[in-house]
Amino acid sequence: MEKTHITISDLSKRFGKKEVLKGIDLTIEKGEYIVILGPTGAGKTTLLKIIAGLIPPTKGQIMVDNQGTRQDITSLPPESRNLAYLPQTSDYSLFAYKNVWNNAIFSLKMKGEKSLPEINAIGNEVLDLVNLRHRYDALPYELSGGMKQRVALARAIATDASIFLLDEPLRALDARLRIILRTEIKKLVTDLDKTTFHVTHDQEEALAVADRILILNEGRIIQIGTPQEIYQRPNTIFSAYFFGVTNLIPVSLKEVQGEKVLFSVGKHTITGLTTYRGTSETPDVSKDEYVLAIKADGITVAPVTETREDGPNEFIGTIKDMYFLGKWVHLVITIESFPKQIIIAVPSTEMKNYELENDVTIKLDIEDIIHYNEPWDKIKHLEDT
Amino acid sequence: MLQRDRSQLERLAIRIANFTSKSRVNTAWYSFVVFFFFLLVLLPTIFVLGYVILEFTAIQNSVFSNQEIQAQILSALFYSISVSIIVSIFDLIFGLPIAWTLVRKEFRFKSLLNSFIELPLAVPTAGLGFSVALFWGVTPSVESPIFAVQFIKNALPMLILFHFTTTFPYVVRSLTAILEEIDVTLEVAARTCGASKFTAARTVTLPMFRSGVATAMVLSLAKSLSDTGGVVTLLATIQSVTQTGTTLISTWKHSYQDQTPLEGIPYDSLLPSMAFLAAIMIGIAITLVFVAKIIAKKAQLPFRKVYPSFEWAVSEGKAPQMRQIIAFGFLILFVIIPSFFLVVYLIQGASLAALASANWALFGQSIFMTVLVASVATVVNVFLGVPMAILIARKSHTFSRILDALVDIPYVVPSSALGFSVGLFWAFQPVIPVNELFFVIMAHISMTFPFIVRNTVGGLEELDTAYEDVARTLGAKPMQTFREITFPVIKFSIIAGAIMSFTRSVGETGATLAVSPTSTTAPVFIVNLIKVDQNYFLAALTTIILILISSMLIFTLRASISRAKRK
């Protein structure tokens, strides 16, 4: 790590009138595991294909550092780029007419640079890595989904490419296998010091394996950072809304009191910090419309007790619905004069404390109030889907 | 797991891959393919259009000043156009229920029926015309075999029956192909909402099926406008002097070549008249295609209203079964029996005398020539059609979309107009010396080129480009990618295209006659046997031999494809 491997500058792509990627700037370290996350149509696959050399960019440059020398690969054909690409296909892009062995050594055979004993040694080595040496003679249709993906990985490893491009490598696998295989892939490529791009739209998968997450939406990089940074300090409502269950509440700015900022919502006041969790942006007092993003698991809730007073950031609400989700229970709560219902996640072990139509006390942590200066009309479409 | 040592051959293959993947070599190859298409396929096909413009004074002097020529052209066009329109309407009315049944219903003998429907495709139309005439027509000069209907005297109903027999299998095949792609669950959804089967099919599936219907119509219209050999033998068998557009071209061409003047037509007027007629027919065909494309995109089906009680009635009880029985009875009576009726004649007429009197030398020669022409045309088309298909299916330029539209032109142009145009082109150019065999081969190349391209494009569209992408990133050069990844998948489509091209070429009469009336390919031999020599027995025998050659190929195709599918 700590050595630049890939530098992408001002990369744009148009298909006809549609701008799919807009001014992508990115620097990736050697051996980094980057997860590209975004909704369908964000440009994730296009970005991967441009890096692979399968489609030319409209504008911009891709540089790769290789043992101290920096090379511009923007116009190289894919076979000269020394990278391995696993696209999205129903059967993990294994060549259906070739058996496991011939799939695994495909690249070595095509390049024709290695001698036969060398090819055999590499073939055995990569199939050992994915524990599939005993199935060398199987045809792809005889393998399970997980096995196919392992063969595809072995085939990529055999190329000796330093960059791996994985387009949704875990789709179409059942939930348990996804979790096993994502860790396996991460360990494999990290041990081999490969620089990896992993495209997904699954936020949990992204959080679990990424060194850094890159959030892409409508062709732009929204945010790039470690999973913790992205989760705890989302720089836009889009990033905030992408992870977990997030309550978006339209509010108006009341006043700024030193480090604190007061928002009014209905007849209540919510207090936040001007600089939440390290961001240095101070709220613009001239703007009135704000949206708060509060994660469902960041709200404290308790049954109402008579001794309790209504303190700052504390509200009384009524439970209108409860959804049991295994480990968690989601409480849907109505607070008087709030414009929307609030969803709160509590551990299901505490479920017995709550009942429908009961009142509860809700407490928001001042540090969890993330606020964005955006009019609600521009945001509410996020909740439509 | 042990691999044998990489041989010299494999090293050579890698060197070839490196060479062919150089962008300059690549560009040169594709340029050659495009050049070939324009200069050797498309331009000859429509050359006559330019010729008409260049020689317009000659046409004015001969065609517009001669009542007889005008009358003949008008009558021929009347027959061609009215027959093709009527036939395509019948094709659709009876084709839809049959295609529907073949795709959506399970019943006994389904697979038998599936192969039955393709059988007439293997019969060369020259023999088919004779066969249909024997079954339906009153045949003054031929002793009619038993079971013959012997009923029709006039040319128009005869032509309609004949063209129905030839086009119906094509229409059903293209309808089933598209129907198979339409998701049946939508119809099911409509039925759970209370629509009867008939209403659901009519209002949900049929509108999605619009482009398929348009394609089938074009196919039917184009084929009915195009056939020559069958029309000649059909009309000769019932001794009618009626001419269609295509037979008129070949009659005139024959007289032009032999320098035997026709009544009421000066010799000098022949060439301009033929060019004029051919240009009109090509014009009609190309217009047809574009009209059909517009219809497929824009047209709305009539009867938006739903008539629940009537439509429930035809959906339930005995009604659907009756519909099927009627449709299949129709298929057997109007397509299968007429196609193979000449077998009855052959069995009845077999005698030593008939066998002894036959011209076996010419028979052998014509079969040999047919196979030679078909093989050369097919091989050339495979080598140039496959890269063309790649250009169309894999490159996303506007240019490849233009190519996509142009490739179909030889497909719809009436073959005798095409043959005439190709002959005109090669006689016109000063570079290559005139050679009859060369002319015939070039005409067959132009005519069958779309078969290879269309089939290969179909195969390429089935293969996700992601596999080729992966191979490239894994270090395979474009040529290696084609050989290792693309070819194994599309080879069956190429074989299918090659076989279609070959059988089409084997059965073709019109193009051969119009390009060179003296080249005796087997279908031309059949036409001459029926029209001139009245040796019907040998004509039937030649037809059967051609059927055997074609059906062996179709059988191989089916076998190889089903083997691949099992894999």
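The figures here come from the full heavy-atom set of this structure, side chains too, leaving out hydrogens, waters and symmetry mates. Throughout, a chain's letter reflects where its sequence line sits, starting with A, and its residues are numbered from 1.
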Is the closest side-chain heavy-atom distance between [X] and [Y] below 4.5 Å?
{"X": "B/E484", "Y": "A/F106", "value": "yes"}
{"X": "A/K98", "Y": "B/I485", "value": "yes"}
{"X": "B/V470", "Y": "A/L86", "value": "no"}

Q: Can you tell which part of B/D469 gets under 4.5 Å to a heavy atom of chain A, answering side chain, backbone, both or neither?
A: both

Could you tell me which non-hydrogen atom of [X] sits nearest to which non-hydrogen atom of [Y], and how far apart they are?
{"X": "A/M110", "Y": "B/G475", "result": "CB-O, 4.1 Å"}
{"X": "A/E79", "Y": "B/P478", "result": "OE2-CD, 3.5 Å"}
{"X": "B/L474", "Y": "A/S107", "result": "O-OG, 2.8 Å"}
{"X": "B/R472", "Y": "A/P77", "result": "NH2-CB, 3.9 Å"}
{"X": "A/S93", "Y": "B/Y467", "result": "CA-CE2, 3.5 Å"}

Can you confirm whether more than 12 heavy atoms, excluding those of [X], are under 6.0 Å from its [atom1] atom?
{"X": "B/F38", "atom1": "CZ", "result": "yes"}
{"X": "A/F15", "atom1": "CZ", "result": "yes"}
{"X": "A/E218", "atom1": "CD", "result": "no"}

Q) From B/K491 NZ over to A/Y97 OH, what is the distance, rounded to the nearest 0.5 angstrom? A) 6.5 Å

Q) Roughly how far, to the nearest 0.5 Å, is the NZ atom of A/K49 from the OG1 atom of B/T473? A) 11.0 Å

Q: Let me know if A/L94 has heavy atoms under 4.5 Å from chain B in its side chain, its backbone, both or neither.
A: backbone

(Q) For chain B, which candidate among A/L83, A/T159, A/N99, A/N82 shows the most heavy-atom pairs at distances under 4.5 Å? (A)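 Result: the option with the highest number of such pairs is A/L83.
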
